[in-house]
Structures are given as structure tokens and as C-alpha cells.
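Data block below; observations after.
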Amino acid sequence: MKKLELHWQILIGMILGLLFGFAMTYIEWGRGFVQDWINPFGTIFVKLLKLIAIPLILASLVKGISDLKDISKFRNIGLRTIAIYICTTIIAITIGLVLVNILEPGEGISEETITKLTETYASDSGVTSKLEAASRQKQVGPLQFLEDMVPDNAFGALSDNSLMLQVIFFTIFLGISMLLIGEKRSKPLKKFFDSLNDVVLKMVDLIMLTAPVAVFALLANVVVSSGDPDLLLALLKYAGVVVLGLFLMIVFYSIVVATYTKKNPFWFLKEISPAQLLAFSTSSSAATLPVTMERVEEHIGVDKEVSSFVLPVGATINMDGTSLYQGVAAVFIAQALDFHLTLGGQLTIVLTALLASIGSAAVPGAGMVMLVIVLESIGFPSDKLAIGLALIFAVDRPLDMCRTIINVTGDATVAMVVAKSVGKLGKPHIEDWDEFYEEVK
Ligand code: ASP
């Protein structure tokens with residue numbers, strides 16, 4: 001019997017997880033049961049993905065750079081990647097702003113709902129922790145991000161998942177230095193990293209075998225942890241605008257794939273779908289990164305020389321979904337709380353949401369922290385920030401799940417575009433987990 005394709009298996013796991021989660025909310029001990037006995041399997045899965053992220057970036061980027069054999073090619077890829085990332089993010093914010101200004105989801109929201117949301121969430125630890133994180137972020141100088149990119153201890157950087165840019169910096173430095181000592185002398189190190197890269201990609205295959213069960217656990221937990229359904233309904237129009245914007249981004253990526261890379265966009269979306277489904281289930285582009293890399297390289301055919309740089313950098317700095325959401329959320333809050341936004345204010349949102357999405361960590365809920373900075377940039381009164389966040393908090397998790405899909409899809413699209421532009425978009429070469437199993441079993 002033909003085995004069900006991975007994305008279908010994951011989708012079935014997700015649907016069953018949602019249904020199971022809903023069922024459990026009707027049982028008195030249901031929530032506790034899901035949190036204590038089901039959720040740990042989801043958490044273990046996310047931990048396994050994070051476990052291999054740094055070794056994968058290290059091995060694959062060293063391999064990518066040393067395969068290039070030419071530093072100017074790397075500079076070429078680097079500059080194109082950053083330029084295209086900035087363009088796609090600006091397009092995303094613009095789509096968000098146009099939609100929120102036309103559809104005005106904040107205008108219809110009643111005083112009563114605002115009061116209820118404020119009472120429920122303004123002093124909730126979820127909101128206050130975001131405000132605190134944002135104020136820590138604000139205290140840094142303008143070039144701090146450059147300073148933060150350079151590690152002072154390579155092993156320190158390699159041992160902390162939140163220091164992905166430092167790992168990328170160190171690895172690029174290592175790869176370029178390997179090129180500079182010549183092929184013969186760098187050969188042993190190159191062989192080591194090539195082999196490490198193959199091993200880690202195999203680990204991705206093995207971890208993905210458990211994905212259908214893991215997403216069941218993750219989604220069941222999301223459902224039992226979500227807030228009051230009435231409040232979710234009150235925010236339906238706002239959430240609808242964000243989701244519509246995110247959907248338009250998928251249309252935009254599909255057009256780019258079809259016109260520039262001349263590939264079928266449905267094929268692209270199908271091949272990338274396991275990564276998208278995981279992005280949705282984990283709300284973290286960083287946790288999804290190993291799967292995104294595996295899908296883009298093996299299933300789409302982007303050469304490692306491109307994907308090993310474009311994807312890890314994208315996971316940390318390119319967040320089209322997050323920036324679109326920040327634009328919509330900022331204007332929605334302004335509309336709901338009668339804060340007058342000028343055209344200049346809207347343009348400021350474009351700029352700060354661009355910077356905020358670069359600065360957002362690739363973890364659940366990070367976009368909301370940086371939203372505070374976007375709000376402050378347009379002069380939103382600081383004593384009302386907690387109320388502003390309280391307004392959107394109830395739907396933040398589901399929207400986070402959706403925007404993370406776009407963050408990951410955007411990275412994959414740009415990887416294809418950059419690969420095509422430098423002649424590195426080849427044929428897919430899929431390797432199953434059990435390719436060599438017969439030899440060792
Ligand atoms: N969860 C998002 C990501 O990991 C970031 C965010 O928008 O909160 O890409």
C-alpha cells in the first residue's frame with residue numbers, strides 16, 4: 001500500500017489534535033490531562049528540532065561556502081538576499097496597511113468589548129511580560145545589533161539557540177578562512193563538515209517521522225490553553241484582516257515563483273508544506289528551520305551554497321508575516337482607541353515594522369514584543385500600551401501560528417529566487433530516512 005504523504009499525515013495529526021483539544025475542554029480534568037500527559041510529546045519534538053538547528057547551520061553553511069570556491073560569489077548571494085528580504089518585507093507591510101485602512105476592523109469594536117478585553121488582559125502576565133521585554137529592547141543603542149552579531153566566545157554562541165546570528169557570523173568567518181587556506185589544506189575540515197551535514201539531515205528525517213504525533217500534541221495543547229471563545233469572536237474582523245493579508249502574501253510568493261523561477265507554485269507549496277504545517281504547529285521559525293532547510297534543498301532543489309545562507313539568515317531577520325501583522329495590529333489598536341494616525345504615522349509604521357521584524361526573535365509571541373516599539377514610534381501614549389496589547393492578546397496565538405507560516409514560506413521563496421538568479425536552482429534529490437537502513441539493521 002502506498003504510504004500517505006508526509007504533509008497529509010501531519011495535517012491529519014493536526015486536525016485530530018484540534019478535535020481532541022476541543023473535546024477535552026468539555027471534561028473537567030481535560031485541560032490538566034492534556035497539559036500533563038499530551039503536551040510533553042509536543043515539547044520534546046520542538047526540543048529535538050532546536051537541538052539540531054545549530055549543528056545544521058554550522059555544517060551546512062561551512063559546506064555551502066567552501067563549495068562556492070570563490071568569495072565574490074558569496075558576497076553576491078549575501079547582498080541579493082538582504083536586498084530581496086527588505087523588498088518582500090516592505091511589500092508585506094504595505095499589503096497589511098492597505099487592508100487595515102480599507103476594512104477598518106477597529107472602527108466597529110464596541111466600548112463594552114474594549115472594557116472587557118482590557119479587564120481580562122491588561123494586567124495579564126502575558127501582556128506585562130511583553131511590555132517589559134519591549135522596554136529592555138528599547139534601551140539599546142542604534143548599532144547594538146551589529147555588536148550583538150559578533151560573538152566573543154564561539155562555543156558560547158554555539159551553545160545558545162537565541163544567538164543564531166552570532167553562529168552565522170562565526171560560521172561565515174570560518175568558511176571564508178577555509179577558502180583562503182586553499183583546497184588542499186582545508187580538505188580534512190571540509191570532509192568533516194560534509195559528513196556532519198549529511199548526518200544532521202538524516203536526523204531531520206528521523207525527527208520528522210514523529211511529526212504527525214507531535215503536532216497532535218501541540219495543537220491539543222493550544223486549544224486547551226486558549227482564552228474565552230466570546231472574546232475570540234469579538235476580534236474576528238481584526239483576525240480576518242490579518243489572515244487575508246497573509247493569504248495575499250502566499251499569492252504574491254506564488255506569482256514570484258511562477259514568473260521568476262518558472263516553477264509551478266502549487267508544486268512549490270506542496271513540497272514546502274511540511275515546513276509550513278510545522279511553522280503553524282510550533283509558532284517558531286527557528287524550530288522549523290531544520291525542516292525548512294531539508295525541504296528547500298532536497299525537495300525543491302536549491303543548492304546548499306544558497307540555502308545554507310539564505311534560510312538561517314531569513315529565519316532570524318526576514319519575517320514578512322510578522323511585519324504585516326505588526327502593521328495591521330498597530331493601526332487596528334489606533335482605530336479602536338481613537339488615536340489619530342497621520343499619513344506620516346503610517347509611513348513610520350512601514351519603517352519601524354521593517355526594523356521590528358528584523359529584530360523579532362524567531363520564537364512564539366516575539367512579534368507582539370516588537371509591536372510595542374512600532375506603537376511607540378507613532379507616538380501612541382505609553383500609559384495606553386497595556387490596553388492596546390490587551391485588545392489583540394486573545395487572538396495573538398492563532399495569528400502567531402498563521403504569520404509563522406508566512407515567515408517560513410517567505411524565506412523559502414527568497415531562497416528559490418536567489419538560487420535561480422545565480423544559477424543554483426537544480427533538481428530535487430530526495431533522500432528518505434531508510435535509504436541505507438538495510439545495510440545496518
Ligand atoms: N513566531 C514568529 C516566528 O517565529 C515570530 C512572531 O511573529 O511572533 O517566526
Side-chain angles (χ1 to χ4, degrees), residues 42-43 45-47 49-50 53 57 85 88-89 92-93 95-96 126-127 129-131 133-134 137 161-165 215 218-219 221-222 225-226 238-239 241-243 245-246 249-250 253 272 275-293 296 310-330 332-333 349 352-375 389 392-415:
T43 312
F45 176 74
V46 173
K47 279 174 113 176
L49 287 173
K50 288 185 175 166
I57 295 175
Y85 275 157
T88 58
T89 306
I93 307 169
I95 291 181
V127 167
S129 67
K130 299 247 168 355
L131 288 169
Q137 187 91 23
N161 274 325
S162 66
L163 299 178
M164 210 106 98
L165 284 180
V215 293
L218 288 166
L219 287 187
N221 191 53
V222 166
S225 317
S226 65
Y238 154 70
V241 173
V242 176
V243 172
L246 296 176
M249 282 308 288
I250 294 276
Y253 296 139
I272 198 74
Q276 292 174 318
L277 296 174
L278 283 198
F280 182 80
S281 309
T282 62
S283 280
S284 167
S285 351
T288 313
L289 179 64
V291 182
T292 318
M293 289 177 81
V296 168
V310 178
L311 294 174
V313 169
T316 28
I317 71 163
N318 180 54
M319 300 200 178
D320 296 345
T322 301
S323 58
L324 184 145
Y325 143 86
Q326 283 164 340
V328 175
F332 167 75
I333 292 171
I349 294 181
T352 42
L354 170 66
L355 297 176
S357 75
I358 293 175
S360 299
V363 295
M368 204 172 182
V369 174
M370 300 306 267
L371 172 66
V372 177
I373 296 177
V374 176
L375 283 169
L389 291 198
I392 55 166
F393 191 70
V395 280
D396 197 60
R397 179 65 194 211
L399 291 184
D400 192 2
M401 297 160 82
C402 298
R403 65 192 187 238
T404 309
I405 299 183
I406 303 304
N407 292 346
V408 167
T409 313
D411 298 342
T413 308
V414 174

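Order of listing sets the numbers, starting from 1, for every ligand and every atom in it. Values reported hereafter were calculated over all heavy atoms of this structure, with side chains retained and with hydrogens, waters and symmetry mates removed. The model shown is predicted, which means the values in this text are computed figures rather than measured ones.
Nearest protein neighbour of atom 8 (O) of ligand 1, counting heavy atoms only, is Gly367 N, 2.7 Å. Of the protein's heavy atoms, Asp400 OD1, 2.7 Å lies nearest to atom 1 (N) of ligand 1. Taking atom 9 (O) of ligand 1 as the reference point, the nearest protein heavy-atom neighbour is Ser285 OG, 2.3 Å.
Within the structure, ligand 1 has Ala362 among the residues with a heavy atom less than 4.0 angstrom away.
With a 4.0 Å heavy-atom cut-off, ligand 1 is reached by no atom of Val408.
Put simply, OG1 on Thr89 and CG on Leu324 are 10.5 Å apart, with the number rounded to the nearest 0.5 Å. The structure places CZ of Arg403 at 10.5 Å from OG of Ser323, a figure rounded to the nearest 0.5 Å. The distance from the CG atom of Leu354 to the CD1 atom of Ile93 is 5.0 Å, given to the nearest 0.5 Å. Summarising the geometry, atom CG belonging to Leu218 is positioned 7.0 Å from atom OG1 belonging to Thr282; distances are rounded to the nearest 0.5 Å.
Considering backbone and side-chain atoms alike, Met319 places every N or O at 3.5 Å or more from each N or O of ligand 1. Considering backbone and side-chain N/O atoms, Ala286 never comes within less than 3.5 Å of an N/O atom of ligand 1. Taking any N or O of Ala361, backbone or side chain, none lies under 3.5 Å from an N or O belonging to ligand 1.
Side-chain atoms of Leu289 and Ile57, non-hydrogen and from C-beta on, do get closer than 4.5 Å to each other.
The backbone N or O of Ala362 lies less than 3.5 Å from a partner atom in the side chain of Ser284, making a donor-acceptor pair. Using modelled atom types, one side-chain atom of Asn407 and one backbone atom of Asp320 make a donor-acceptor pair closer than 3.5 Å. Judged purely by atom type and a 3.5 angstrom limit, Tyr85 uses its side chain to pair as donor or acceptor with the backbone of Val310.
Shown in contact with Ser284 at under 4.0 Å from a heavy atom are these atoms of ligand 1, numbered in order with element: 4 (O). Using a 4.0 Å cut-off to heavy atoms of Gly365, the atoms of ligand 1 that qualify are 8 (O). Numbered from 1 in the order shown, with element, the atoms of ligand 1 that lie under 4.0 Å from a heavy atom of Thr322 read 5 (C), 6 (C), 7 (O).
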